[in-house]
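To find a chain, count down the sequence lines: A is the first, B the second, and so on, and within it residues start at 1.
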Amino acid sequence: MKLRTLLMGAIAMTALAPAAMAERGSDGNVSIIYWQAPSILNPFLSGGTKDVESSSLILEPLARYNPQGELIPWLVDEIPTVANGGVSADLTSITWKITPGILWSDGTPFTSADVKFTWEYCTHPEGGCAQLSKFDGVSAVETPDDLTVVVKFDQPKPFPYGPFVGGESPIIQAAQFADCMGARAPECTEQNFNPIGTGAFKVVEFKPNDVITLEANPNYRDPAKPAFATMTFKGGGDATAAGRAVMETGEFDYAWNLQLAPDVIAQMQAGGKGTPIAGFGPLVERIHLNWTNPSPSLPEGERSTEKHPHPFLRDPAVYKAMSMAIDRPLLVEIGYGQAGRVTCNLVPAPEAINSDTFTCDQQDIEGAKAMLEAAGWVDSNGDGVREKDGVELKVLYQTSTNAVRQDFQALIKQWWEEIGIQTELRNVNASVFFGGDPGSPDTFQKFYADVQMYANTFNGTDAQAYMGDQVCGTAPRPDTQWQGANISRFCMPEYDALYETLTKTADAAERASITRQLNDMYVENGGVIPLVHRGRLSAHSNTLGGVVLNVWDTELWNAADWFRKEGS
Amino acid sequence: MLTFTIRRLVLAVPTLLFISLVIFLLLELAPGDPMAQVPLTVPPEVKEKMREALGLGQPWPIRYWKWLVQFFWIEPQVLIDWMFGTTFSANDLRVISWQTRSPVMDIVIQRMPQTLWVVGTAYLVGILIALPIGIYSAYRQYSWFDNAGTFVTMVGFSVPPFFSGVLVIVIFSVQLGWFPSIYDTTHRVTDWDSFVVQLQQMIMPVMVLALQITSQMSRFMRASMLDNLNQDYVRTARAKGLRERTVVLVHVLRNSMIPVITVIAIGIPSIFGGAIITEQVFKVNGIGQLLITAIEANDLPMVQTLTFIFAVLIVLFNLIADVLYGILDPRIRYD
Amino acid sequence: MTEPVPATPVPPKGVVEAIPTRPPRSQWAEVWQQLKSHKGAMTGAFLFVFIILAVMVGPLIWRVDPQFLPQGRDFINLRDTRPIYTALWDSGAKVNWNHPLGTDNLGRDTLARLLSGGRVSIAVGLTAMVLSIFLGTLIGVVAGYFKRLDGPLMRLTDLFFALPLLPLILVAALLFRESLSASFGPEGGVFILIVALIGVTSWMQTARIVRGDVLALKEREFILAARSVGTSPFKLMVRHLLPNVLSPIMVSATLGIATAIITESALSFLGFGFPPDFPTWGRLLNDSVDRMVLYPERVLWPGILISLTVLSVNYLGDGLRDALDPRIRGR
């Protein structure tokens, strides 16, 4: 049955694909639903995934990542490398050659001046640009001629593909945004809602936080694309409703990021109108261990800071036992299904930097108990909780509110209590948990809990900045207004030294090897307990062809290639 | 009554200013961060810069004062400009949402049609069904009609819209395929066919909302009618030989309306406030959805403005209710 | 016009059959007599007592830990069990006599969760309702009776109407959660916080309604009569005004229970309420909506229980109202 459907699908694809690619606008309307509604179409002013992805239909970068995580030229002829002379030998500049003949949707030519302007726009000190970190280390952007862009760095940049690469760093039109620099950026409502781009579609009407109506860009570089004349981009609701609209009622063609339990997805798929698709980036659901003491008895300002190390979580026996007690394959099955894999690493992808040092796909409750026993953690008073030197193994386990996370909490609590670690659960509203309000005790930066669970990832395929999050001195603390990326308060001089080496290494294989070592160091020394390598699960209707899920760039990266399958 | 109304309207100004201050301080105190929805891949320093660009660095009295000026001075100018084509408000900074970086009032106006269509209709339908049910249930207390009504309204009120909404979607959209599960806010009613489409997409949210409104209203109507049906003046009216219809629908009804008027007056501002959960379930994306997304994104100017408009309507409609009490029962005196 | 005061020890004159044929009895005995013969009230009371008993005593009889997750192979075998009655029409259904109402997607026993969830839901529903009705009635009566307090109290009501609930909850949780859980334990603290929040944010409608009724009532002759014999304002309010505004209060109370139970689930869902593994009816309902088609029982049972509780309180309230009305008492 399944095989037959598959075969039929394949036949339909090959038979109909060429016919469908006949001409621009021949396939009518395509509709997309994002359960988070886009608020603005200028990705530099928001940074929210929904805004970055919706604007990627209109605005494009010079180069993108393909679904395999490789760089592909997009508005340029080729990817500059040291080998082809595009990257200078000292690694301080990169030269992009723009493909001739590219037009903005208003018919004016796309030039290097636009690229330079985009850099100036984003790095304006008063602009508050969300993608500022993409331009880290850029000292100048030069435009020797209309089709050449030279990006200069203030020091050797082993990985120079930050600026103007990927969905987060697209090019905006200089003519349109000239008056919107810096503090004036928020006043340009018209520009922010209707940006002129080089992408396959252009905005007809933008209703913030609700719906975007788009139409095919008449000046798109490929005259045969896009196949769709118009596009409706609806936002709002919840993931369940979005999945239902694509897979059960067939009202929509594409639903983004369906973070739902696998049995719910399977039941929707039985509706027969759509298909879920999954892809794996470096997103990992993990439990961070607090290296510092979060006890409420400590004075405010010292709680969860380096002044007070955690009473027991630094003991390898404890965190290793906690990790061993977890049945990761079960977590995957309950929570993510086809969109999850067991992982023991902080960096599970791309494959080159995925370490194979650890195995953790077997739950070992007895082993965990023995390990605690051997380390002197015994339950001497018979209350089911182990203790040593008067310290009881009691943890507060917090996470953000989300059905799957609450299921994980319940399961993991049961396993930990089995090995004698008493667990108290707490869930926090996501907008508080991930918000950085220094006045709130519930943010993940403050970490007023012993362990906390959430997911994190990095953009693109280079993990350097991601690994840099774990160096000493970057922990959130009162004098940084509780800002900082080192959530676990992990601190190891050896790690910092190795990270320093990474920032100076250019050779790809060498970089991969260092990244793997950093990953192992972090996991081995109890910064984190990785749980699940999470994929992105989206769904498309059975009549929509050409969808290729891309987790390294925006999901809508190839919307120009989408077409309507006939007869299916 | 007129002096009372005028006095209350004058008093409403300081009241509203005070309410706006309380709301502002509440939002200020509430933990939250407009950067909460920005992915973790954006480094903390960049987030800090973005916060500064939103004006978050300034102390709260300055921000409150700015909001007051923008809302009470600049926004009316924009309205005048829009009506008469003048340019008073040129170059003035309006109340700007943090999420969309666009004027809050523009979005509010954009959201009004769908909220009025759906929530307004549901409210009207709810009242139209609730009043007759309430009256007849009380008139025939403990009849099978009353008992059935009690059962349906109580179950209707106990079932939250996050469940009843999904239930009707599963039945009518997924199984039967009669109605769309997602409301299309770009739909324009131009002719009969498009009106039918509009009806189809409205019917489920209206149904779910009207059930809640009917349940509540009919209970109050019934209770209030019951209180009055046994009063002596009813017997007097009957003794005078008035027709039963006149006794019930004129004498009793008029005297029973005070609680019902109160409930309706409280409810009308909530039409504006939208129905947060129902709008979310059916993706109506009206004012309710605007408010909840703004709260989740910690878009303080948006939340402040929406709540304040809501407060104005509440003060206004409670005043109207007070005036109506005086008309329904001339013995009520305020001066 | 006779004064409709239930406090009168003699049967009201209006009732023709009320020629004393038996010795006079106290008012409350009369009320009880009337309530006993009220079919609806008795059904409601029976149902209500049954539900309360079930959730209080039930967990002592059905001794399954609602938070227990089966381990290892059991987990796969026991998760997603259907209620035993599904075997009647679906012989292939996965049922288990150890779990008469089935299990959830993590293998937790549904019956145990319903029972222990009911404890919290009913406690929260009733307490929050009582608090909200008390506040609403107090403010309504005082505002309606004292002209000078009317303005300030009603403006306060306007203010509370206008306050956005979610930020209010955030602030309250921020300010009070730690200190409350320090003095009352984590669950007690959360309970007090939730009840107080729901109560404090839902009294306004009752207050407006009661005030509206009191405004009309206090101009009636019987109030004038009571005042002229020197009844103190407090007595006047309690003995003369309050009984006459009882029916809208009863309605508010019944509706209030349902609202409180649902609001609790919303609060817990957002992470301001009980810990995530702590079942309540609203939460069970909320968590199961996604799987409504495959496992209808998971939404039906909590839904039915909430509705039944509200219905039983409603009928009880109806009967009480009738019994307290001297004009229909004894009919």
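Of all heavy-atom pairs spanning Gln205(C) and Ile266(B), the tightest one is CG-CD1, 3.7 Å. Residues Pro164(C) and Ile23(B) approach most closely at CD-CG2, 4.4 Å, considering heavy atoms. When all heavy atoms are compared, the tightest approach of Ala258(C) to Phe157(B) is CB-CD2, 3.8 Å. Residues Arg8(B) and Arg155(C) share a closest heavy-atom pair of NH2-NH2, 3.1 Å. Between Phe220(B) and Pro248(C), the shortest heavy-atom distance links the atoms CE2-O, 3.6 Å. Heavy-atom minimum distance, Ile209(C) versus Thr262(B): N-CG2, 3.7 Å.
Considering only heavy atoms from C-beta on, Arg208(C) comes within 4.5 Å of Asp322(B) through its side chain. In this structure, Tyr315(C) and Thr150(B) have side chains that are in contact, with non-hydrogen atoms separated by less than 4.5 Å.
No side-chain donor from either of Tyr325(B) and Asp213(C) sits under 3.5 Å from a side-chain acceptor of the other.
In this structure, chain B has no heavy atom under 4.5 Å from any part of Asp290(C). In this structure, chain C has heavy atoms under 4.5 Å from both the backbone and the side chain of Ser158(B). Neither the backbone nor the side chain of Ser224(B) comes within contact range of chain C, judged by heavy atoms closer than 4.5 Å. Interface residue Leu168(C): backbone and side-chain heavy atoms are both found under 4.5 Å from chain B. Using a 4.5 Å cut-off between heavy atoms, Phe18(B) contacts chain C through its side chain alone, with no backbone atom that close. Proximity to chain C (any heavy atom under 4.5 Å) is shown, for Leu167(B), by both the backbone and the side chain. Heavy atoms closer than 4.5 Å to chain C are found in both the backbone and the side chain of Leu29(B). Both the backbone and the side chain of Leu226(B) come within less than 4.5 Å of a heavy atom in chain C. For a residue to count as touching a neighbouring chain, one of its non-hydrogen atoms must lie under 4.5 Å from one of that chain's; by this rule Thr309(C) does not touch chain B. In this structure, the portions of Val166(B) lying under 4.5 Å from any heavy atom of chain C include both its backbone and its side chain. Both the backbone and the side chain of Asn147(B) come within less than 4.5 Å of a heavy atom in chain C. Interface remark: Phe310(B) contributes side-chain atoms only to the contact with chain C (heavy atom separation under 4.5 Å). Residue contact with chain C, scored on non-hydrogen atoms closer than 4.5 Å, involves the backbone and the side chain of Ile19(B) alike.
Here the OG-CE distance, from Ser312(C) to Met154(B), works out to 10.5 Å after rounding to the nearest 0.5 Å. Note: Leu246(C) CG to Asp227(B) CG = 8.5 Å, rounded to the nearest 0.5 Å. Annotation: the span from Leu255(C) atom CG to Arg219(B) atom CZ amounts to 8.0 Å, rounded to 0.5 Å. Taken from CD in Gln212(B) to OG1 in Thr259(C), the straight-line distance is 8.5 Å, to the nearest 0.5 Å. We find the OG1-CG distance between Thr153(B) and Asn314(C) to be 7.0 Å, quoted to the nearest 0.5 Å. Annotation: the span from Thr15(B) atom OG1 to Leu156(C) atom CG amounts to 11.0 Å, rounded to 0.5 Å.
Counting heavy-atom pairs closer than 4.5 Å to chain C, the top-ranked of the candidates Ala12(B), Pro160(B), Ala265(B), Gly156(B) is Pro160(B). Ranked by non-hydrogen atom pairs under 4.5 Å with chain B, the options Met250(C), Glu219(C), Lys39(C), Lys218(C) are led by Glu219(C). The residue among Thr236(B), Val22(B), Val159(B), Leu11(B) with the most heavy atom pairs within less than 4.5 Å of chain C is Val22(B). The candidate from Ile257(C), Leu159(C), Val299(C) with the greatest count of non-hydrogen atom pairs under 4.5 Å with chain B is Leu159(C).
Ion pairing of Arg220(C) with Asp329(B) is absent here, as no side-chain N (NZ or NE/NH1/NH2) approaches a carboxylate O to less than 4.0 Å.
Within 6.0 Å of the CZ atom in Phe146(C), the count of heavy atoms belonging to other residues, nucleotides or ligands exceeds 12.
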Would Phe161(C) and Asn318(B) satisfy side-chain contact (heavy atoms from CB on, under 4.5 Å), going step by step from the backbone distance to the final call?
CA-CA 11 Å; Phe161(C) 263 125; Asn318(B) 279 344; 4.3 Å; yes
